[in-house]
Amino acid sequence: MEERLTNLEIKLSFIEDFLNQLQEETVKQAKEIEKLKHDNKVLSQKLKDVAENMPGDIPNRKPPHY
């Protein structure tokens, strides 16, 4: 009985460690996603500004080889 209890405590310890690592990774990924969303928003706005400042409909023209 004592050995079974010790084995369960060891397994629980490993599970707790795994959950802590998983939580840390999840937080890192959430921060990275927020950064990427912000970067995407900035780039979209820059692209929109460039498109508005270009004469005509140049961004929508087909390349010359078509």
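These numbers were taken from a predicted model, which means no experiment stands behind them.
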Rounded to the nearest 0.5 Å, what's the gap from [atom1] on [X] to [atom2] on [Y]? Could you check?
X	Y	atom1	atom2	answer
Leu5	Ile10	CG	CD1	10.0 Å
Asn40	Ile33	CG	CD1	13.0 Å
Ile15	Leu22	CD1	CG	12.5 Å

Of Glu9, Arg4, Glu3, the residue whose pairing with Asn7 passes side-chain contact (heavy atoms from CB on, under 4.5 Å):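 Exactly one candidate clears the test, Glu3.
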Under 4.0 Å between a side-chain nitrogen and a carboxylate oxygen: does that hold for Glu25 and Lys28?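 Yes, charged N to carboxylate O under 4.0 Å.
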Side chains of Lys35 and Asp39: does their closest heavy-atom pair fall under 4.5 Å? yes
With distance as the sole criterion, is a donor-acceptor pair present between the side chains of Glu16 and Asn20 under 3.5 Å?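 Not at all, the side chains of Glu16 and Asn20 share no donor-acceptor pair under 3.5 Å.
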